[in-house]
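First the structure, in the form of structure tokens, and then the observations on it.
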Amino acid sequence: MKQSLAGVDDETSLYALLQPALNFHGPIRYNNRWPWSMTLGGLLLMLLLWLLDSGQLNALPPDMLNGLWWLIRPLYQLPFGPWSPFVLLTVIGIWLLLSRYQRLKGLVDAIWHKNLLLDNQLQELSCQPETKAREFERRFCEFNRGNHKRSIDWLCQGHYQGEQHQFDYQLFDFHYVDKHTTTTTDSKGRSHTRTTYSHYHRYGVIMSFGFTRDLNILGYSNSGQRGIKWEPASLEFRKQFKVLAGSEMTAAKFFKPAVVEQLQQLGQKLRKLNLEFNSQAELCLTVADSDFANVPCPLGLEDAQAFLSLLQQQTRLVKLDAALHTIHQLLVYNDNNF
């Protein structure tokens, strides 16, 4: 079923993909009788061995106790000890349970992801994650984050049709990693080095704006942004954002009262909102909200009919819609033809 998703390009095809699950008339799940038997059997046998070793079973009749020792005595000749076969049996059972769970979850996630793309008129684009991150970094300071690794983990193409403007945009998941190395000295003067990695994600859209250049509206600052600090009259706006502009004229022309109001409202809906207009008049809008580009799936294949009903409903990326609407309004307010 998962392999067939690549050929799905509309909702009808996606719903048809679930037909085998609907015909099954029951929850879609693995028969885990053997993995559970292996796991529980291994644990019970380890418990029995521990009870024998610790003398907890010495109260048993001598014939029974001698019989148990006779059965397990060959285990003590094993190179990794008497516990090794039971540990291996338990580990294999747990591995089978987890891998089957992940496989089924991966199928549900893939179907749900395809559904989100269709409901929001998005087309997934293939890219080299680290190469694309370097390309975006050359265009926007926003991608100058992370001292260890940067990648575009997910990239889509979309189109917005407004009343007065329409535009293409790219929706992305930017993943960056900070590497931290700390050195400590113990009481004997020996140095110990510890390295940790912190992973972060920023989600956003890139589009060709056309009317504004060299302007940064920052709710989550980053190194690399340059410009003249500019502050509008609104105290609420100044609490939410810092503005760096190529010139005071650029900022004064852009920040009409209606624009300030639009950005304040959007900043209340989205976390750590940044808008960066580069020298080519491109806009990069980024946020920290993971549901900007994705919505968790609340159901699985335990009930295929309920899952199908969920897919048949429109699932909008509400925060993305709010951002696109605001971008459209910014275009309107900065287009002298309107």
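- Side-chain contact between Asp153 and Phe172 is absent, with no heavy-atom pair separated by less than 4.5 Å.
- Two residues are said to be in side-chain contact when any heavy atoms from C-beta on lie closer than 4.5 Å; Asp291 and Tyr203 fail this criterion.
- Contact check for Leu320 versus Tyr169: side-chain heavy atoms found under the 4.5 Å cut-off.
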Decide yes or no on side-chain contact (heavy atoms from CB on, under 4.5 Å) for Thr182 and Thr193, but give the supporting numbers first. CA-CA 6 Å; Thr182 56; Thr193 301; over 6 Å; no
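- The CD atom of Gln170 sits 5.0 Å away from atom CG of Leu155, with the distance rounded to the nearest 0.5 Å.
- In this structure, Asp119 does not pair ionically with Arg316, as no charged nitrogen and carboxylate oxygen lie closer than 4.0 Å.
- Taking the six-membered ring where the residue is Trp, the centroids of His113 and Trp154 are separated by under 6.0 Å.
- Shown here for Phe143 and Ala133, the closest heavy-atom pair between the two residues is CB-O, 4.4 Å.
- Considering all non-hydrogen atoms of both residues, Asp168 and Met207 come closest at O-CB, 3.4 Å.
- Residues Thr286 and Arg202 have side chains that bring a donor and an acceptor to within less than 3.5 angstrom of each other.
- Aromatic pair Phe237/Phe255: ring centres closer than 6.0 Å.
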CA sep, side-chain torsions, deciding dist, call: His328, Thr326, side-chain contact (heavy atoms from CB on, under 4.5 Å): CA-CA 5 Å; His328 176 263; Thr326 298; over 6 Å; no
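- The environment of Gln128 atom CD is sparse: at most 12 non-hydrogen atoms of other residues, nucleotides or ligands sit within 6.0 angstrom.
- Remark: side-chain polar atoms of Lys149 are not paired, donor with acceptor, to backbone N or O of Gly146 under 3.5 angstrom.
- Within a 6.0 Å radius of CD in Gln314, other residues, nucleotides and ligands contribute more than 12 heavy atoms.
- Ring centroids of Phe209 and Phe277 are separated by less than 6.0 Å, placing the two rings close together.
- At a cut-off of 3.5 Å, with distance as the only test, no side-chain donor of Gln121 or His159 sits close to an acceptor on the other residue.
- Contact between Gly204 and Phe292 at its shortest, heavy atoms only, is CA-CE2, 3.8 Å.
- Atom OG1 of Thr90 is separated from atom CG of Leu44 by 9.0 Å, given to the nearest 0.5 angstrom.
- Taking 4.5 Å as the limit, some side-chain heavy atom of Phe174 sits within range of a side-chain heavy atom of Arg150.
- When only modelled atom types and interatomic distance are considered, Gln268 and Gln264 share no side-chain donor-acceptor pair under 3.5 Å.
- Within 6.0 Å of CD on Gln123 lie no more than 12 heavy atoms contributed by other residues, nucleotides or ligands.
- The closest side-chain heavy-atom distance from His199 to His175 is below 4.5 Å.
- Counting only heavy atoms from C-beta outward, the side chains of Leu122 and Leu116 never approach each other to under 4.5 Å.
- Listed for the Asn115 side chain is no donor-acceptor partner under 3.5 Å among the backbone atoms of Ile111.
- Aromatic ring centres of His148 and Tyr197: separated by under 6.0 Å.
- Partner of Asn216 under the side-chain contact (heavy atoms from CB on, under 4.5 Å) criterion, out of Arg226, Glu142, Glu276, Lys242: Glu276 alone.
- Ionic pairing of Glu135 and Lys132 is present here: one or more N-O contacts between side-chain nitrogen and carboxylate oxygen are shorter than 4.0 angstrom.
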Working note: Val287 + Lys272, criterion side-chain contact (heavy atoms from CB on, under 4.5 Å); need CA distance, chi angles, decisive distance, verdict. CA-CA 5 Å; Val287 300; Lys272 299 180 178 180; over 6 Å; no
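- Here the closest heavy-atom approach between residue Leu317 and residue Ala293 is recorded as CD2-C, 3.9 Å.
- When atom types are taken as modelled, the side chain of Ser37 and the backbone of Arg33 share a donor-acceptor pair closer than 3.5 angstrom.
- Taking the side chain as every heavy atom from C-beta outward, Arg190 and His192 approach each other to under 4.5 Å.
- Here the closest heavy-atom approach between residue Ile152 and residue Cys127 is recorded as O-SG, 4.0 Å.
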Walk me through it: do Leu330 and Leu275 pass the test side-chain contact (heavy atoms from CB on, under 4.5 Å)? CA-CA 11 Å; Leu330 296 180; Leu275 293 94; 4.0 Å; yes
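- For the pair Tyr220 and Leu273, the minimum side-chain heavy-atom distance is 4.5 Å or more.
- Electrostatic pairing of Arg139 and Glu282 counts as a salt bridge here, judged by a charged N lying under 4.0 Å from a carboxylate O.
- Closest heavy-atom contact between Ala258 and Tyr333: CB-CZ, 3.6 Å.
- In this structure, CE in Met38 is found 5.0 Å from CG in Leu89, a value given to the nearest 0.5 Å.
- The closest donor-acceptor contact from the side chain of Trp36 to the backbone of Gly93 lies at 3.5 Å or more, if one exists at all.
- A donor-acceptor pair under 3.5 Å links the side-chain atoms of Arg271 to the main chain of Ala288, judged by distance alone.
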